[in-house]
Amino acid sequence: MIVLVIAFVGLPIAIFLRFDLIAPLVLLVVVILGWLIVGAVQGILSFQTTFGLALYAAYLSPIALILYAIFGGSEYLFRTKKSSQ
C-alpha cells in the first residue's frame, strides 16, 4: 500500500522534473481535489475521515497510474512530433 501511495504522488512529480510533462501533475491535482470535494459534498470531510478517504484513494491508485501513463504518453508523443516538424 505504501508503494502505491508513493507511486501515486511521486511518479507525476518525477515525470514533471525529468520530462517536463504537465499532464500527470495536473491529473494528480485533479484527483486529490476531486477526493476532497467528494468528501465535502457528502459531509464526511473532517480531520478524522481524511485518512479513510486517503486509504480509499490509495486502493484506486492503479487506475490513476494507468491514466498517468496514457495522458503523459500522449503529451510526450505530441511534443516529440511537434518538435520534429
Side-chain angles (χ1 to χ4, degrees):
M1 174 90 84
I2 293 172
V3 173
L4 284 176
V5 172
I6 290 171
F8 175 70
V9 175
L11 193 62
I13 295 169
I15 290 172
F16 174 72
L17 293 174
R18 173 69 171 101
F19 299 107
D20 285 335
L21 297 178
I22 298 171
L25 198 60
V26 169
L27 187 62
L28 173 66
V29 170
V30 167
V31 168
I32 290 173
L33 287 177
W35 279 110
L36 291 174
I37 290 170
V38 164
V41 167
Q42 291 181 353
I44 60 171
L45 187 61
S46 68
F47 185 71
Q48 292 84 12
T49 60
T50 304
F51 178 75
L53 284 173
L55 188 63
Y56 191 72
Y59 282 128
L60 292 176
S61 64
I63 296 170
L65 295 176
I66 292 169
L67 291 175
Y68 292 159
I70 292 171
F71 287 118
S74 300
E75 182 182 354
Y76 182 77
L77 288 175
F78 177 74
R79 285 186 178 191
T80 56
K81 285 186 179 187
K82 188 176 177 182
S83 65
S84 67
Q85 290 179 353

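Each residue takes its place number in the sequence, starting with 1. Remember, it's a predicted structure, so these values are computed and weren't measured experimentally.
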- prompt: Got Tyr59 and Leu4 here, is their nearest side-chain heavy-atom distance under 4.5 Å?
  reply: no
task: State plainly whether one hydrophobic cluster holds both Phe78 and Leu25, where clusters connect Ile, Leu, Val, Met, Phe, Trp and Tyr through side-chain heavy atoms under 4.5 angstrom apart.
output: no
4.5 Å side-chain heavy-atom contact, Ser61 and Val5: no
Separation between OH of Tyr68 and CD1 of Ile15, rounded to the nearest 0.5 Å: 8.5 Å
- prompt: In Å, rounded to the nearest 0.5 Å, how long is the span from CG of Leu55 to OG1 of Thr50?
  reply: 12.5 Å
- prompt: How close do Ala7 and Pro12 get, heavy atom to heavy atom, and via which atoms?
  reply: O-CD, 3.8 Å
task: Would you name the heavy atoms of Asp20 and Glu75 that are closest together and state the gap between them?
output: O-OE2, 4.2 Å
- request: Would you check if Trp35 and Leu60 make a side-chain contact, meaning some heavy-atom pair closer than 4.5 Å?
  value: yes
field: Shared hydrophobic cluster, Ile13 / Tyr76 (ILVMFWY, side-chain heavy atoms < 4.5 Å)
entry: yes
- request: Look at atom CD1 of Ile2 and say whether more than 12 heavy atoms of other residues, nucleotides or ligands are closer to it than 6.0 Å.
  value: no
- prompt: Do Leu65 and Ile22 sit in the same hydrophobic cluster, where Ile, Leu, Val, Met, Phe, Trp and Tyr count as joined when their side-chain heavy atoms come under 4.5 Å apart?
  reply: yes
message: Are Val31 and Ile63 connected into the same hydrophobic cluster when the rule is that any two of I, L, V, M, F, W, Y join if their side-chain heavy atoms are below 4.5 Å apart?
response: yes
message: Between Val41 and Ile32, is there shared hydrophobic-cluster membership here, with clusters defined by ILVMFWY side-chain heavy atoms closer than 4.5 Å?
response: no
- request: Rounded to the nearest 0.5 Å, what's the gap from CG on Leu21 to CG on Leu27? Could you check?
  value: 12.5 Å
query: Do the side chains of Leu36 and Leu45 get nearer than 4.5 Å, heavy atoms only?
result: yes
